[in-house]
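These notes concern the structure reproduced below.
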Amino acid sequence: SVQVARQLPDTLILTVTEYEATFAVQDAAEDWYLVTAGGKVVERIGAQAAEGHIKIADFAIVAPELGETMQLADGEGRPQNVQTRRDALLKLLQEIEDAELIREVTSVSAASTQRLCLTYDGRFTVELGGTGELAYKLELLKYVMAEQKDSASGTIDLTLKQGKQAYVSLDSLDR
């Protein structure tokens with residue numbers, strides 16, 4: 001975005017703000033693109049550069065145009081029936097950014113609107129369920145992760161199926 005301000009008598013001040021592109025998604029040709037939490041395509045990048053960003057799974061970007069909102073297809077390249085999944089994904093991306101979890105999350109997935117998942121620090125699969133109460137779920141995730149050992153890995157269930165509780169299943173436990 002660009003803001004223009006005038007300073008009298010004869011000065012213009014331009015303030016340019018870059019997009020914060022923290023998410024990476026592939027197209028059908030396996031090229032990587034950076035997108036914002038709002039879904040705007042901002043740059044085509046290489047596979048190595050994609051490693052430093054949160055990867056979007058279960059989707060492929062279709063006909064990416066820089067500066068435009070991404071259009072997605074499912075994992076098999078079919079663009080039909082992905083609009084509601086895309087909306088759920090975009091809500092999750094925005095909530096991750098709002099919760100300041102950009103550095104901790106390594107990938108996100110929206111297999112369906114009721115099966116949102118993310119990978120935390122490459123160690124935990126976090127099941128979020130649907131988009132309801134995402135902000136609460138991500139705050140609960142921070143609390144749960146503060147209680148985990150650095151060497152622990154496993155699954156964290158934040159679907160809130162049985163009340164407002166998190167369930168942690170560890171793969172291994174260092175003693």
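Sequential numbering from 1 along the given sequence is applied to the chain's residues. Keep in mind it's a predicted model, so treat the numbers as computed, not measured.
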Spacing of [atom1] belonging to [X] relative to [atom2] belonging to [Y], to within rounding of 0.5 Å:
X: M70; Y: K40; atom1: CE; atom2: NZ; answer: 11.5 Å
X: L89; Y: T84; atom1: CG; atom2: OG1; answer: 11.5 Å
X: L158; Y: L138; atom1: CG; atom2: CG; answer: 8.0 Å
X: L160; Y: L128; atom1: CG; atom2: CG; answer: 9.0 Å
X: L141; Y: Y120; atom1: CG; atom2: OH; answer: 6.0 Å
X: S169; Y: D157; atom1: OG; atom2: CG; answer: 7.5 Å

Please identify each residue that fulfils side-chain contact (heavy atoms from CB on, under 4.5 Å) with [X], with sequence neighbours left out.
X: I13; result: A5, Q7, T11, T15
X: A88; result: T113, L116, T131
X: I102; result: T22, F23, I54, I96, E97
X: R103; result: none

Subject >> Sequence neighbours excluded, every pair satisfying salt bridge (Lys or Arg N to Asp or Glu O under 4.0 Å) that has a member inside residues 108-131 >> reply: D121-R123
Side-chain contact test, heavy atoms from C-beta onward, threshold under 4.5 Å: evaluate it for [X] versus [Y] and give yes or no.
X: R44; Y: D31; answer: yes
X: T155; Y: V168; answer: no
X: M145; Y: I156; answer: yes

Original post:
Can you name the salt bridge (charged side-chain N to carboxylate O under 4.0 Å, His left out) partners of K55, sequence neighbours left out?
Top reply: E51
Original post:
Sequence neighbours excluded, which residues qualify as salt bridge (charged side-chain N to carboxylate O under 4.0 Å, His left out) partners of D98?
Top reply: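 Here no residue qualifies.
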**OP:** With R86 as the cation and F59 as the aromatic partner, state whether NZ or CZ is under 6.0 Å from the six-membered ring centre and within 45° of the axis.
**Re:**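 No, cation not above the ring by the 6.0 Å, 45° rule.
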Restricting to side chain to side chain donor-acceptor pair (under 3.5 Å), what partner residues turn up for [X], sequence neighbours left out?
X: D27; answer: none
X: T125; answer: none
X: E43; answer: none

Nearest atoms (heavy-atom pairs only) where [X] meets [Y]:
X: G38; Y: Q94; answer: N-OE1, 4.4 Å
X: A60; Y: A28; answer: CB-N, 4.4 Å
X: G130; Y: Q114; answer: CA-OE1, 3.6 Å
X: V25; Y: L72; answer: CG2-CD2, 4.4 Å
X: A111; Y: D58; answer: N-OD2, 3.5 Å
X: G122; Y: T106; answer: N-OG1, 3.5 Å

Original post:
Any donor and acceptor pair, going by atom type alone, linking the side chain of R6 with main-chain N or O of L12 inside 3.5 Å?
Top reply: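 Answer holds: no.
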Subject >> Common cluster, L134/Y167, ILVMFWY with side-chain heavy-atom separation under 4.5 Å >> reply: no
**OP:** Could you name each residue pair satisfying side chain to side chain donor-acceptor pair (under 3.5 Å) that touches residues 133-148, not counting sequence neighbours?
**Re:** E133-K164, E139-K142
